Student: 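Before I ask anything, let me first share the structure, which is written out below as structure tokens.
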Amino acid sequence: MSTAVAPNAVAQSNVAADYYAILKARASEIEARYRRATPRSAENFRRAAAVFPGGYTRDAIMRGPHPTFIGRASGATMVDADGRTLTDFWFNATSLPLGHAHPSVIGAIQAQAPQGTAYFAPTMHEVALAELLLERLPGADRIRFANSGSEAVMMAVRFARAHHAPDGRDAAGTARSVIVKFEGSYHGSYDDVSWSVSPKLGDVGARDAPRAVAETSGLAGTDGRVAVLPFNDPAVLRRYVDEHHDEIAAILIEPMANRIGLLIPDRVFLVEARALCDRYGIVLIFDEVISFRVGYHGVQGQVGITPDLTTLGKIIGGGFAVGAIAGRSAILDLSTPEHGHRVTHAGTFNGNPMMAVAGRATMELLMPAAFAGLADLGGYARDGLAEAARGLPLQVTGAGSLFKVTATACPLHDYRDAATADKRWEALCSLALLNEGFVLTPAMSGCVSTVTTRGHVDALLAAFRSIVAA
Ligand SMILES: Cc1ncc(COP(=O)(O)O)c(C=O)c1O
């Protein structure tokens, strides 16, 4: 079958390359227009470069020729350093489901700030937020706060390994320590998950036995720590786990893969992961740091599969730095003092009252009806983008309030499909949209929040249509 398809695939990819070349031929015009519109951002970026390596302190916000510095924001719009009003379709990496400076969130933090912003003591605000979150996660009866999604994942990995070695070793004297993660999944900046996040296709090895490719310099290696498998492939997962189960502490899954087009995998993949974890006593971790935005019970509620641990972040902090690990007490109670070889978990700002009141105000408004509205508008955006992209080598994917345009002719099923994307086309399309006043990521990911209107989406669609048809 593959030999019969190959000539077509080549012809198709030539057609796609010709299509992407049209926008790429306009690169200097698009970049020049951006530079003309953003002289203050350019000046700020020069100053930032004197203190930050490369001019930034967070990789994802960099875009060429320079990022847009923001002065203020409210609702669905931001005003940049040059006074331009921009419609936000990324809301600080999906973390602001009510939009910027929502009155309820502002009210909560204005009430809290004069009472003190952080204490070396617990507050009932963190307890109230924890209760609201556990209500949404029927499989979880315990939760711990952290300060970022990365930290939450790091702690989930630690809990999973400790679960297999409550006394520091397992019965056979060799603790299970391997974390299975999937090619193309991003789980934050912790070392043991910084493998094969966005590897080059030339480096990845066989599809059914991917090579673990370091995402960053400075890692200590994969041995006994991590194994990388293809996303969305239940057969390969089963084969690997059947063979290696006595080394595996956890299977870590992004149930909506951001870098694979904000794609929810086939349910059978998640079902297989759950079954394997049950069979071999492996801890199943769902990383819902982004996907908790998809519905009241996250993606786990939507697909009806309950993990042992869930990592959270972004929306639950109401715009403040946050992470959380939720799960069964049998695992998370390993952090209690009764355990001799307990899991230690500290953090100066864990559960701090500013985050807790903002998170609480946000989650109290994010009830099922709000998620339904978000999903409705997200679907409207996806449908409109797909309509504009019809017949073009572009894939429109996403779920709930989230959408992404990927510049490939290849329908998305796993990382290797997504990695065929023409990233330069995506970045230029995003920059051209920014010139029209719309903020998406340079990879053309976007989302709507409760403050986004059909009018905002219609305006985005009109701009997108004119760019992709040009
Ligand atoms: C699925 C997932 N896990 C973890 C993280 C890391 O979260 P943070 O940026 O808060 O460290 C992210 C961030 O985008 C994410 O998307």
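As the structure lists them, so they are numbered: ligands from 1, and atoms in each ligand from 1. Source: prediction; values computed, not measured. When a residue number appears, it is its place in the shown sequence, counting from 1. All values below were derived from every heavy atom in this structure, side-chain atoms included, with hydrogens, water molecules and symmetry-related copies excluded.
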Student: Please state which protein non-hydrogen atom is closest to atom 4 (C) of ligand 1 and give its distance, to 0.1 Å?
Tutor: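 Protein heavy atom with the smallest distance to atom 4 (C) of ligand 1: His187 C, 3.3 Å.
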Student: Can a side-chain donor-acceptor contact be found between Asp266 and His413 if the only test is distance below 3.5 angstrom?
Tutor: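 There is such a pair between these side chains.
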Student: Within ligand 1, which atoms have a heavy atom of Ser148 less than 4.0 Å away?
Tutor: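 Listed by number with element: 10 (O), 11 (O).
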Student: Polar-atom distance check: Lys314 versus ligand 1, any N or O pair below 3.5 Å?
Tutor: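 Between Lys314 and ligand 1, an N or O pair is found under 3.5 Å apart.
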Student: Answer yes or no for atom 9 (O) of ligand 1: protein heavy atom present at a distance under 4.0 Å?
Tutor: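 Protein heavy atoms within 4.0 Å of atom 9 (O) of ligand 1 - there are none.
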Student: Starting from atom 15 (C) of ligand 1, find the nearest protein heavy-atom neighbour and note its residue, name and distance.
Tutor: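 Result for atom 15 (C) of ligand 1: Val289 CG1, 3.8 Å.
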Student: Any idea which atoms of ligand 1 are less than 4.0 Å away from a heavy-atom of Glu254?
Tutor: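 Listed by number with element, the hits are 1 (C).
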Student: Considering the options Arg342, His345, Arg144, which one meets the side-chain hydrogen bond (donor to acceptor under 3.5 Å, both in side chains) requirement together with Ser335?
Tutor: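 So, applying the side-chain hydrogen bond (donor to acceptor under 3.5 Å, both in side chains) to Ser335 and each of Arg342, His345, Arg144, only Arg144 qualifies.
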Student: Do ligand 1 and Asn258 have nitrogen or oxygen atoms that lie under 3.5 Å from each other?
Tutor: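 Min N/O separation from ligand 1 is not below 3.5 Å for Asn258.
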Student: How are the rings of His245 and Tyr280 set to each other: parallel, tilted or perpendicular (split at 30° and 60°)?
Tutor: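 Because their plane-to-plane angle is under 30°, the rings of His245 and Tyr280 count as parallel.
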Student: Cut-off 3.5 Å, side chains only: do Ser150 and Ser189 have a donor facing an acceptor?
Tutor: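 Note: Ser150 and Ser189 side chains meet the donor-acceptor criterion.
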Student: Indicate yes or no: does an N/O atom of Asp287 lie under 3.5 Å from an N/O atom of ligand 1?
Tutor: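 Yes, since at least one N or O of Asp287 sits under 3.5 Å from an N or O of ligand 1.
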Student: Give yes if a backbone or side-chain nitrogen or oxygen of Gly149 is under 3.5 Å from a nitrogen or oxygen of ligand 1, and no if not.
Tutor: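 It does: an N or O of Gly149 is found under 3.5 Å from an N or O of ligand 1.
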Student: Check ligand 1 against Ile290 and write out every atom of the ligand that is under 4.0 Å from a heavy-atom position of the residue.
Tutor: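 It comes down to these atoms of ligand 1: 16 (O).
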Student: Can we say Asp208 and Arg239 salt-bridge, meaning some charged N sits less than 4.0 Å from an Asp/Glu carboxylate O?
Tutor: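 So Asp208 pairs with Arg239 through a salt bridge.
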Student: Between Asp191 and Arg225, is the closest basic N to carboxylate O distance under 4.0 Å?
Tutor: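 Salt bridge flag = no for Asp191 with Arg225.
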Student: Measure up the Phe45 and His66 rings against each other and bin them: parallel (under 30°), tilted (30 to 60°), perpendicular (over 60°).
Tutor: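 Tilted.
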Student: Against Thr408, only a single residue in Thr420, Asp422, Asp417 fulfils side-chain hydrogen bond (donor to acceptor under 3.5 Å, both in side chains); can you say which?
Tutor: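 Option passing the side-chain hydrogen bond (donor to acceptor under 3.5 Å, both in side chains) with Thr408: Thr420.
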Student: For ligand 1, indicate whether the residue Glu288 contacts it via side chain, backbone, both or neither (heavy-atom separation under 4.0 Å).
Tutor: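 It is neither; nothing of Glu288 touches ligand 1.
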Student: Which of the atoms of ligand 1 are close to Ser150, meaning less than 4.0 Å from one of its heavy atoms?
Tutor: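 By the 4.0 Å cutoff, the relevant atoms are 6 (C), 7 (O), 8 (P), 11 (O).
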